[in-house]
Visitor: 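Below are the structure tokens for one structure; questions will follow.
Hydrogens, waters and symmetry mates play no part in the numbers below; they use all other heavy atoms, side chains included.
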Amino acid sequence: MEKIYGQIDLETIEKLADIINKKELSELTISSGENTITLKGKKAVPMPMPVVAAAAPAQTAVSVESALSASEASMAEEVSGKIVKSPIVGTFYSAPSPDKPPFVKTGDEVKKGDVIMIIESMKLMNEIQSEYDGVVEQILVSDGQAVEFDQPIMVIK
């Protein structure tokens, strides 16, 4: 096997690249003697910054976990019903195409298994089906808006 980059052969580099992709690492650096090689994977998606509530002025930092549970708790107080959350990161679309009517509107009755939205992720259009029977009480995001994993999208009563 032909050695490149000092003591590291191409097959080893390919195996390391596979590990980076499988483990979703952003970077891996290996040194061998005087030689160093750095392999970079996909860039990590930045996490949204937690929101610090004004009701806690003495608190200097809020962990992501407590910020999420606080927002979920406040949402539970504001809305009653079953919250449909985004299963993936992407862009929310209420209709199959711009010239078509939306899958559902506020007040529409839905059955478990009905397509209620599309989340576009990595150029793939993912039809999202309802997990609940009920009536669409509220749609919490706008058409074309970017959504995060587990972000509340709509409420079904």
Visitor: Could you tell me if the side chain of Ser130 sits less than 4.5 Å from the side chain of Ile156, heavy atoms only?
Guide: yes
Visitor: Could you measure the distance from the CD atom of Glu148 to the CD1 atom of Ile153? Nearest 0.5 Å is fine.
Guide: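 Those atoms lie 10.0 Å apart.
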Visitor: Once rounded to the nearest 0.5 Å, what's the spacing between atom NZ of Lys85 and atom CG of Leu140?
Guide: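 With rounding to 0.5 Å, NZ (Lys85) is 11.5 Å from CG (Leu140).
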Visitor: Hey, quick one: are Tyr132 and Val104 part of the same hydrophobic cluster, counting side-chain heavy atoms closer than 4.5 Å, chains of contacts allowed?
Guide: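 Same hydrophobic cluster.
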Visitor: Find the distance between CZ (Phe92) and CE (Met154) and round it off to the nearest 0.5 Å.
Guide: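 Here the rounded value is 5.0 Å.
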Visitor: Honestly curious: do Val141 and Ile128 fall in one hydrophobic cluster under the side-chain, below-4.5 Å linking rule?
Guide: yes
Visitor: Does any pair with a residue in residues 93-105 pass salt bridge (charged side-chain N to carboxylate O under 4.0 Å, His left out), and if so which ones, sequence neighbours excluded?
Guide: Lys105-Asp108
Visitor: Rounded at 0.5 Å granularity, tell me how far CD1 in Ile83 sits from CD in Glu137.
Guide: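 With rounding to 0.5 Å, CD1 (Ile83) is 11.0 Å from CD (Glu137).
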Visitor: Of the non-hydrogen atoms in Pro96 and Pro101, which two are nearest, and what is the gap between them?
Guide: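 Smallest heavy-atom distance, with atoms named: CD-O, 3.6 Å.
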Visitor: List the atom of Gly81, the atom of Val155, and the distance in Å for their closest heavy-atom pair.
Guide: CA-CG1, 4.1 Å
Visitor: Can I get a per-line list of side-chain donor-acceptor pairs under 3.5 Å for residues 112-126, giving both atom names and the distance, sequence neighbours left out?
Guide:
residue, atom, partner, partner atom, Å
Asp114, OD2, Lys111, N, 2.8
Glu120, OE1, Tyr93, OH, 3.3
Ser121, OG, Val89, O, 3.0
Asn126, ND2, Ile119, O, 3.0
Asn126, ND2, Leu124, O, 3.3

Visitor: For the atom pair NZ (Lys82) and CG (Asp133), what is the distance rounded to the nearest 0.5 Å?
Guide: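 Going from the NZ atom of Lys82 to the CG atom of Asp133 covers 8.0 Å.
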